[in-house]
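Quick caveat: nothing in here was measured; it's all calculated off a predicted structure. Numbers restart at 1 for each chain; the letters A, B, ... are given by sequence-line order, proteins then strands.
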Amino acid sequence: MPFDWRQIWEVASAPDNVPIVALLFLAPFYMWYALRQGIANDKLIAILESDAQAAKTKYRKTQEWDPKWEREVHTWPYLMRMEFLVAILVTVLLMAWSLTLNAPLEEPANPNVTMNPAKAPWYFLGLQEMLVYFDPWIAGVVMPTLIIVGLMVIPYIDSNPLGNGYYTYKQRRFSIWTFLVGFIGLWVLMIVIGTFIRGPGWMWFWPGQTWDAERVDYAVNRNLDQIFGIDGSWLAPIFHTTKDQAAIWARAIFGIFPLVIFFIVAAILVHWVCTRTEFSKKIYKRMSLLQLVTMYTFLILMLSLPIKILLRLVFTIKYIWVTPWFSI
Amino acid sequence: MPEENGDGKSKTGILEKAKDSAAALRETLTEKAKQQATELKEPEKTQLYRSIFRVKHDEEPRNRALSVLSNVFFHLHPAKVNRDATKYNFTWGMGGITFYLFIVLTFTGVLLMFYYHPSKIQAFRDILYLENDVPFGKLLRNMHRWAAHLMIIAVWLHMFRVFMTGSYKRPREFNWCVGVLLMVLTMLLSFTGYLLPDDQLGFWAVTVGTNMARATPLLGNEGPGGPQMGMTPYNDVRFALLGGSIVDANALLRAYIWHCIAIPLIVAIFLGVHFWRVRKDGGISGPAPVMLESEIKEERSPRPVILRPSGMG
C-alpha cells in the first residue's frame, strides 16, 4: 500500500491534536535544554572535585559572576519585567493561535452514533492506551492512583542530597533516568501512540497506513496458561469437583507463579541497578527500610507496564494470571 | 434688585469693592490654576496617587523593595531574588505561565458563562450562537480551549523542570506533593470542560473516560469486588459522577458545576498553599551553587525508624 501522507496530515492537523504535535517538539527541546545545563554543571563539578584549591575559591555556578555583583537583585524590576514580558508573549501566542485555529465542534451529542475511534482528550490517551494492556480497573483506576501516589512519594524516597537546586546529570543519574523513562517513555510516548498510531477500533496503524474502519483484527492473543497448555481437569476427582471447576482453579494457581517470578526478578534487577556504583551504594545505605520498600515497590510496578506492553505486542499474550474474579 | 436708599456713596463703594475683589480673584485664580497645573505634571505627588500607591516609584533601593512589599499582588514575591533566577534558562517560566494561563482561563471562562446554559436543550445551541452571533464569541471560545491545552503542557513542563533541578528535595518535599495535586486538578478541570459543548467529541470522550469508573475495585459495578459490595449501574461510583447511568442532562450539569465552581475553588486554595510554601520553604531553589560528593553530611544517628524529619535542619 502507498504511504498515506494525507492520513498523517489529517491526524496531525486536527485542532485538538495540535498540542501533542507541539509537545513532540517541546518535550525533546526542554529535555535537551535541561541536560545541556546539567552537563555544563557536571564539567564544573569535575573541575572542583579534581582541584581542592578550586573547590574552596572558585565560583560554584556556571552563570557569569563578578565579585562586585550582589548575589541578590531587586524583584522589581529585574524579575517582574521578565514576568510581564512572558505574559505578553503568551497572550500574543494565544491570540495568534485562537485567530488561526478554531476549537473543534462536532455534531450534537448522540448516544446512538458511536464515534470511531472514540478517544479521550489527548492528555488522557496514555491511560486509554493502557486499556489495551490491562483490564479497566487497573488501567483506569489503579494505574492513575499509582502514578499520582508514585509522583508524591518521590521526594521522600530520593535520599540523594546532591543536585538540589541546580541541573546535573552525573550526580543524579538514576533518578533522572527513572523520571525520563516514566515521563517521556511511558507517558508522552503512550499519548503519541494513542494519538497517531491508534485508529478506528483502537487498532494499530503505522504512520502512513490508511485508517480503515472496515479492517478486522483477528484475536490472536492467548493467555499464558493456554500457551503452556495448562489443563487441570485431571484434578477433578482428587478435589471432588467438576472438570470445569478444577480447570479454573488450576489456571488461577498457575498464574501466581509467573507473577511471583516477575516480582523476584524485577526486585533483583531494581536492586542491582540501585547498588550498581559506589555512589549509589552510599545513597542506598542512607535509606530507611520503609523508604527502600516504597521505592522498590513503585519501581517494580512501573517496570510491569513496559513488560506487559512487550508481552502483548510482541508475544500476543493477553493475561498472565486468570482468576474467576479478575485477570492480570 | 438691590434697593436704593438714597446714599449713592455707599453704593459706589460696594461696586468698587466688588470690582477690586473680582480683579484680585482673577489674579489669584490664574496663579492658583497655573500652580496646580504644574503640580499635575507630577501626578505622583497628588493626594489621590499617594492614597493608592503609598510609596515613591524611583530607583531608590528602599522604594524598589517597598513597591513589591506594599502591593497585594506583587508581595507574592520577595523583595529580592537570586540574581541568576531572573534569567529564563533556570525556571523556563513554566510555573508563572501556568498561573497566568489559569487567570486567562478564569477571565475567558467567566465571559463564556454569560452565554451558556448547562442544559441538554440549550448547551449545543449556545455554542453555535457563541460561534456565529456573539461579537468575538468564536475568539473567546478558541482562547479558552487553547489556553486550557497550553496550561496542561505548561504544568507538565513545570514539573519536569522542578524534577530536573532537584527542587523537590528537602525542604520542598511537601510543596512537590501540592504541585502533583494541582497537576491532577488541572487535568480534571480540562476534562470536565470537554463535555460542556455537548457535542459528539465531548460526549464520547466523557463516555470513554467515565466507563473506566465502572471498573473501580469495590465501588464500580464491573470492578473486582464490586458486585459483592452490592454495586449496580444505578448506585456505583460512575453513577455518582454522572448523576445517572448514562451521560445525559445530569452529567452535563455536574460537569458544569465541577468545571466552573468546585474545581476552580479547590485549585485556588491549593494555589495559595503552593505559592505560600514556595516562600516559606526558602524561595526559589536555585540556581544554587553546586555541591560535591565529598560534602555530603553524614546522617545523624540514631536515625528515626520511619522517615527522617524534614525541613528541620
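Proximity to chain A involves both the backbone and the side chain of B/Ala65, based on heavy atoms less than 4.5 angstrom apart. Using a 4.5 Å cut-off between heavy atoms, A/Phe183 contacts chain B through its side chain alone, with no backbone atom that close. Contacts between A/Glu83 and chain B at a heavy-atom distance below 4.5 Å involve the side chain alone, from C-beta outward. Residue contact with chain B, scored on non-hydrogen atoms closer than 4.5 Å, is absent for A/Pro144. Proximity to chain A (any heavy atom under 4.5 Å) is shown, for B/Arg83, by both the backbone and the side chain. Interface remark: A/Leu101 contributes backbone and side-chain atoms alike to the contact with chain B (heavy atom separation under 4.5 Å). Looking at A/Val141, the atoms closer than 4.5 Å to chain B (heavy atoms on both sides) all sit in the side chain, from C-beta outward. Proximity to chain A (any heavy atom under 4.5 Å) is restricted, for B/Ile97, to the side chain, taken from C-beta onward. In this structure, chain B has a heavy atom under 4.5 Å from the side chain of A/Met80, while its backbone stays farther away. Contact annotation for B/Glu59: neither backbone nor side-chain heavy atoms come within less than 4.5 Å of a heavy atom of chain A. The part of B/Leu101 that comes within reach of chain A is its side chain, from C-beta onward, which places non-hydrogen atoms under 4.5 angstrom from that chain. Using a 4.5 Å cut-off between heavy atoms, A/Val113 contacts chain B through both its backbone and its side chain. Only the side chain of B/Glu131 comes within contact range of chain A, judged by heavy atoms closer than 4.5 Å. Looking at B/Trp176, the atoms closer than 4.5 Å to chain A (heavy atoms on both sides) all sit in the side chain, from C-beta outward. Heavy atoms of A/Arg172 lying under 4.5 Å from chain B belong exclusively to its side chain. The part of B/Ser67 that comes within reach of chain A is its side chain, from C-beta onward, which places non-hydrogen atoms under 4.5 angstrom from that chain. With a 4.5 Å cut-off on non-hydrogen atoms, A/Tyr169 does not touch chain B at all. Heavy atoms of B/Asp248 lying under 4.5 Å from chain A are absent altogether. Contacts of A/Trp69 with chain B are made by both backbone and side-chain atoms, with heavy-atom separations under 4.5 Å. If you measure heavy-atom distances from A/Thr62 to chain B, you find no contacts under 4.5 Å at all. Both the backbone and the side chain of B/Leu139 come within less than 4.5 Å of a heavy atom of chain A. Using a 4.5 Å cut-off between heavy atoms, B/Thr207 does not touch chain A at all. Using a 4.5 Å cut-off between heavy atoms, B/Leu292 contacts chain A through both its backbone and its side chain. At a 4.5 Å heavy-atom cutoff, the contact between B/Pro61 and chain A is made by backbone and side-chain atoms alike. For A/Met115, the parts lying near chain B are the backbone and the side chain together; criterion is any non-hydrogen pair under 4.5 Å. Only the side chain of B/Arg172 comes within less than 4.5 Å of a heavy atom in chain A; its backbone stays farther off.
Highest contact tally toward chain A, considering only B/Gly223, B/Gly209, B/Ala79, B/Gly226, is held by B/Ala79 [criterion: heavy-atom pairs under 4.5 Å]. Put simply, of B/Arg214, B/His144, B/Met187, the one with the most heavy-atom pairs under 4.5 Å next to chain A is B/Met187. Among B/Ala205, B/Ser167, B/Gly96, the residue with the largest count of heavy-atom pairs under 4.5 Å with chain A is B/Ala205.
Put simply, the side chain of A/Leu48 reaches to within 4.5 Å of the side chain of B/Val290, judged on heavy atoms. Taking 4.5 Å as the limit, every side-chain heavy atom of A/Leu180 sits out of range of all side-chain heavy atoms of B/Phe163. Inter-residue side-chain proximity for B/Met164 and A/Gln37 is flagged as unmet; no heavy-atom pair is nearer than 4.5 Å. Within the 4.5 Å cutoff, the side chain of B/Thr86 has no heavy atoms near those of the A/Arg81 side chain. Residues A/Asn110 and B/Phe203 form no side-chain contact, since every pair of their non-hydrogen atoms from C-beta on lies 4.5 Å or further apart. Using a 4.5 Å heavy-atom cutoff, the side chains of B/Glu222 and A/Pro136 are not in contact. Counting only heavy atoms from C-beta outward, the side chains of B/Arg141 and A/Asn102 never approach each other to under 4.5 Å. The side-chain heavy atoms of B/Pro217 and A/Phe326, taken from C-beta on, include no pair separated by under 4.5 Å.
Distance alone, capped at 3.5 Å, is enough to place a donor-acceptor pair between the A/Gln171 side chain and the B/Met291 backbone.
With A/Tyr30 as the partner, the ring-ring contact (aromatic ring centres under 6.0 Å, His included) test is satisfied by one option alone out of B/Phe160, B/Tyr88, B/Trp92: B/Trp92.
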### Task
Kindly determine whether B/Trp146 and A/Met95 satisfy side-chain contact (heavy atoms from CB on, under 4.5 Å), including the steps that lead there.
CA-CA 10 Å; B/Trp146 303 138; A/Met95 246 339 162; over 6 Å; no
### Query
Does the side-chain contact (heavy atoms from CB on, under 4.5 Å) test come out yes or no for A/Leu26 and B/Trp156, once each step is laid out?
CA-CA 11 Å; A/Leu26 285 173; B/Trp156 289 358; over 6 Å; no
### Message
Apply side-chain contact (heavy atoms from CB on, under 4.5 Å) to residues B/Met183 and A/Ile148 and explain how you reach the verdict.
### Response
CA-CA 10 Å; B/Met183 179 187 72; A/Ile148 294 165; over 6 Å; no
### Task
Given side-chain contact (heavy atoms from CB on, under 4.5 Å), test A/Leu94 with B/Asn142 step by step and report yes or no.
CA-CA 9 Å; A/Leu94 207 56; B/Asn142 288 350; over 6 Å; no
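Counting non-hydrogen atoms of neighbouring residues, nucleotides and ligands closer than 6.0 angstrom, the NZ atom of A/Lys43 reaches no more than 12 such neighbours. Atom NZ of A/Lys61 sits in a crowded spot, with more than 12 heavy atoms from other residues, nucleotides or ligands closer than 6.0 Å.
Between B/Phe90 and A/Tyr167, the distance separating the two ring centers is shorter than 6.0 angstrom. For an aromatic pair to be called close, the ring centres must be under 6.0 Å apart, and A/Trp122 with B/His149 satisfies this.
Between A/Phe84 and B/Phe74, the angle of the ring planes goes over 60°, which puts this pair in the perpendicular group of the 30/60° scheme.
Side chains of A/Asn164 and B/Tyr168: no donor on one and acceptor on the other come within 3.5 Å. With 3.5 Å as the limit, one finds a donor-acceptor pair spanning the side chains of B/Tyr194 and A/Asp16. Residues B/Ser285 and A/Tyr166 bring no donor and acceptor atom of their side chains to less than 3.5 Å of each other.
Of the charged side-chain nitrogens involved, at least one lies within less than 4.0 Å of a carboxylate oxygen, so that B/Glu295 and A/Arg60 count as a salt-bridged pair.
Across B/Met143 and A/Ser98, no two heavy atoms sit closer than the pair CG-OG, 3.1 Å.
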